[in-house]
Amino acid sequence: MRIIILSLLLCANLAFADARQIDDFQWEGVERIVAIGDLHGDYTNYMATLRAAGLVDAKGKWSAGKTHLVQTGDIPDRGPDTRKIIEHITKLAKQAERQGGYVHNLIGNHEAMNVYGDLRYVTDGEFEAFVTKKSAKMRDRVYEITMQRLAASDPEAFAALPADYREQWNLKHPLGWVEHRQAWDPAWNPEGEYATWVMDKKVAVRINDILFVHGGISGFYCQNSLESMTDKVVGGLRHFDPANAGILEDSFGPLWYRGLSEVEPTAAAETVDAILATHDIKHIAVGHTPTGGVVWPTYDGKVLMIDTGISRVYGGHVGYLEITPEGLFGGYPNGKIQLPSSQSELIPYLEKVIALDPDNAYLQERLEKLRHPAVPELLEEDKVLSGDADLEPGPKPVPICDTSL
């Protein structure tokens with residue numbers, strides 16, 4: 001028996017001996033993968049997650065060798081440290097490559113929103129990160145140009161502006177706003193640092209037998225290739241048309257879709273199976289929908305929800321997904337637990353997670369719902385937990401597996 005076990009372990013290790021990149025969107029033979037969800041401007045908990053997963057040393061530098069790190073998008077908005085996180089993870093990617101590892105940053109809906117100018121969730125701290133000694137003069141100049149254009153194009157509207165209009169305008173355009181747009185918006189600066197950074201990233205990648213994407217894949221995009229989804233998103237960002245935003249604001253698109261994450265209308269089981277077959281995978285890992293502190297498998301483990309709510313805006317629940325030859329694990333500050341592969345194993349799994357985080361009332365509630373299946377498993381507040389409820393899917397029928405052109 002010992003010989004058989006050793007042989008199986010040897011075969012597993014040989015299968016991961018030579019990691020290789022198949023194309024821009026696919027890797028295989030990667031021995032260890034760590035995936036983390038939405039960060040929303042919380043540098044402290046971002047670093048806490050990297051340390052919990054054993055990815056960085058005491059100085060915050062890459063120490064994980066050939067590990068692949070996947071961050072599934074939504075670094076910006078809601079917290080003040082977006083710029084600090086992007087600067088760090090960009091350096092981390094270079095350090096990882098020198099050791100044979102890799103950092104995959106995926107495009108989330110909030111990266112896209114910052115590029116095309118939906119700034120509803122940008123915090124004061126995020127603008128302040130761009131402030132320099134020249135910020136006041138730059139803002140004054142933008143205001144002057146704005147007023148000149150308005151006076152030329154619509155003299156009546158210009159004449160009707162209230163006496164305190166400049167004060168109102170300043171509130172909507174705090175110091176650092178101009179520099180923020182120059183960095184993020186290609187309409188302001190085609191070579192903007194963060195616009196370029198986002199448009200160099202992917203919407204989805206496949207590593208071994210797992211597909212990673214920010215929101216999810218609906219029946220409308222089931223047959224789309226990984227390349228086509230990225231091309232559609234990046235193309236939309238380069239030439240944004242607010243009257244026809246397409247995939248960028250499609251509630252069934254890969255940046256926004258929640259149907260794989262227990263949010264109505266949920267994806268049909270047949271759609272999940274079709275996605276797995278289309279991409280030759282066993283699992284789909286998604287962020288975007290906070291779980292309240294747990295790496296949560298759905299559809300009998302075929303879908304892995306990894307947005308644990310790392311940012312303190314969502315509770316500050318440090319967590320990550322880890323994949324090794326030994327299996328799939330939910331990682332937490334006090335340990336890691338192997339993920340269940342069927343719905344019948346969810347309760348024991350959640351009990352173990354709660355033992356690591358006994359003060360998490362949300363998980364206690366979730367456990368109670370599981371123990372009483374007559375009550376809907378999804379908590380009502382989950383549906384609006386992200387604050388992005390304005391783009392929830394509408395009533396249009398969803399195909400089992402189609403292609404979005």
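Sequential numbering from 1 along the given sequence is applied to the chain's residues. Hydrogens, waters and symmetry mates play no part in the numbers below; they use all other heavy atoms, side chains included.
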Beyond-backbone contact of Met199 with Arg238, side-chain heavy atoms, under 4.5 angstrom
yes

Please report the interatomic distance NZ(Lys94) to CD(Gln99), rounded to the nearest 0.5 Å.
15.5 Å

Residue Lys352 excluded, over 12 heavy atoms near NZ under 6.0 Å:
no

His173 side chain to Trp169 backbone, donor-acceptor under 3.5 Å
yes

Keeping Glu111 on the side-chain end and Ile107 on the backbone end, is there a donor-acceptor pair under 3.5 Å?
no

Do Leu237 and Leu248 make a side-chain contact, defined as non-hydrogen atoms from C-beta onward lying under 4.5 Å apart?
yes

Apply side chain to side chain contact (heavy atoms under 4.5 Å, CB included) to residues Thr72 and His288 and explain how you reach the verdict.
CA-CA 8 Å; Thr72 56; His288 190 48; over 6 Å; no

Which pair of heavy atoms, one from Pro186 and one from Val115, lies closest together, and at what distance?
CD-CG1, 3.5 Å

What pair of heavy atoms forms the shortest contact from Glu28 to Ile22, and how long is it?
OE1-CD1, 3.5 Å

Nearest heavy-atom approach of Gly292 to Asn360 is O-ND2, 2.8 Å

Looking only at heavy atoms, what is the nearest atom pair of Asn114 and Pro76, with distance?
ND2-CB, 3.6 Å

Could you tell me whether a side-chain N or O of Glu322 sits under 3.5 Å from a main-chain N or O of Arg32, the two making a donor and an acceptor?
no

Taking only Lys NZ, Arg NE, NH1 and NH2, and the carboxylate oxygens of Asp or Glu, determine whether Asp57 and Lys61 approach each other closer than 4.0 Å.
no

So, do Tyr257 and Ile217 sit near enough that their side-chain heavy atoms are less than 4.5 Å apart?
no

Gap separating the OG1 atom of Thr82 from the CZ atom of Phe127, nearest 0.5 angstrom
10.5 Å

With distance as the sole criterion, is a donor-acceptor pair present between the side chains of His110 and His40 under 3.5 Å?
no

Tell me, yes or no, whether the heavy-atom count around Arg166 atom CZ, taken from other residues, nucleotides or ligands under 6.0 Å, exceeds 12.
yes

Between Thr123 and Glu126, is any side-chain donor less than 3.5 angstrom from a side-chain acceptor?
yes

The test is side chain to side chain contact (heavy atoms under 4.5 Å, CB included); show your working for Met305 and Asp307 and say whether it passes.
CA-CA 6 Å; Met305 299 171 60; Asp307 179 7; over 6 Å; no

What's the verdict on side-chain hydrogen bond (donor to acceptor under 3.5 Å, both in side chains) for Tyr46 and His88, showing C-alpha distance, side-chain angles and the deciding distance?
CA-CA 10 Å; Tyr46 155 68; His88 181 271; 2.7 Å; yes

List for me each residue that meets ring pair (Phe, Tyr, Trp, His ring centres under 6.0 Å) alongside Phe240, sequence neighbours excluded, and say none if there are none.
Tyr116

Drop me the distance from Ile400's CD1 to Ile275's CD1, to the nearest 0.5 angstrom.
10.0 Å

I'd like to check Glu167 versus Leu171 (side-chain heavy atoms, cut-off strictly below 4.5 Å). Are they in contact?
no

How about Leu119 and Trp184: do any of their side-chain heavy atoms sit closer than 4.5 Å?
no

Using the rule given for side chain to side chain contact (heavy atoms under 4.5 Å, CB included), can you reason through Trp62 versus Leu69, listing the C-alpha separation, both sets of side-chain angles and the distance that settles it, and then say yes or no?
CA-CA 11 Å; Trp62 184 262; Leu69 167 64; 4.1 Å; yes

Thr324 side chain to Glu326 side chain, donor-acceptor N/O pair below 3.5 angstrom
yes

So, do Ile284 and Leu276 sit near enough that their side-chain heavy atoms are less than 4.5 Å apart?
yes

Out of curiosity, Glu227 CD to Met229 CE, how far, rounded to the nearest 0.5 Å?
11.0 Å

Exam field: side chain Asn208 to backbone Gly29, donor-acceptor pair closer than 3.5 Å:
yes

How far does OG of Ser225 sit from CZ of Phe25, to the nearest 0.5 angstrom?
7.5 Å

Hey, is the main chain of Ile310 close enough, under 3.5 Å, to the side chain of Asn45 for a donor-acceptor pair?
yes

Donor-acceptor check, side chain of Tyr332 to backbone of Val295, threshold 3.5 angstrom: yes or no?
yes

Would you find a donor on one side and an acceptor on the other, under 3.5 Å apart, between the side chain of Thr230 and the backbone of Val203?
yes

Using a 4.5 Å cut-off on heavy atoms from C-beta on, say whether the side chain of Ile247 contacts that of Pro254.
yes

Tyr349: what forms a ring pair (Phe, Tyr, Trp, His ring centres under 6.0 Å) with it, not counting sequence neighbours?
none

Show the nearest heavy-atom pair for residues Leu339 and Leu304, with the distance to one decimal.
CD1-CD2, 3.9 Å

Quiz question: by atom type and distance under 3.5 Å, do the side chains of Asp250 and Tyr221 form a donor-acceptor pair?
yes

I'd like to know whether CD of Glu191 has more than 12 heavy-atom contacts from other residues, nucleotides or ligands below 6.0 angstrom.
no

Please test Glu262 against Lys369 for salt bridge (Lys or Arg N to Asp or Glu O under 4.0 Å), starting from the C-alpha separation and ending with a verdict.
CA-CA 14 Å; Glu262 302 183 320; Lys369 299 290 185 181; over 6 Å; no

Run the numbers on Met47 and Arg51 for side chain to side chain contact (heavy atoms under 4.5 Å, CB included), then give the verdict.
CA-CA 6 Å; Met47 291 302 300; Arg51 293 190 180 101; 3.5 Å; yes

Keeping Ser218 on the side-chain end and Phe220 on the backbone end, is there a donor-acceptor pair under 3.5 Å?
yes

Looking at side-chain heavy atoms only, is the closest gap between Phe130 and Arg83 below 4.5 Å?
yes

Would you say the side-chain atoms of Asp81 pair up with the backbone N or O of Ile85, donor to acceptor, closer than 3.5 Å?
no

Test salt bridge (Lys or Arg N to Asp or Glu O under 4.0 Å) on Asp300 and Lys302; report intermediate values, then the result.
CA-CA 6 Å; Asp300 287 321; Lys302 297 171 185 175; 5.7 Å; no

How many angstroms lie between CH2 in Trp197 and CD1 in Ile86, if you round to the nearest 0.5 Å?
4.5 Å

Please check: side-chain N/O of His283 versus main-chain N/O of Gly301, any donor-acceptor pairing under 3.5 Å?
yes

Which atom names give the shortest non-hydrogen contact between Ser63 and Gly54, and what distance separates them?
OG-O, 4.0 Å

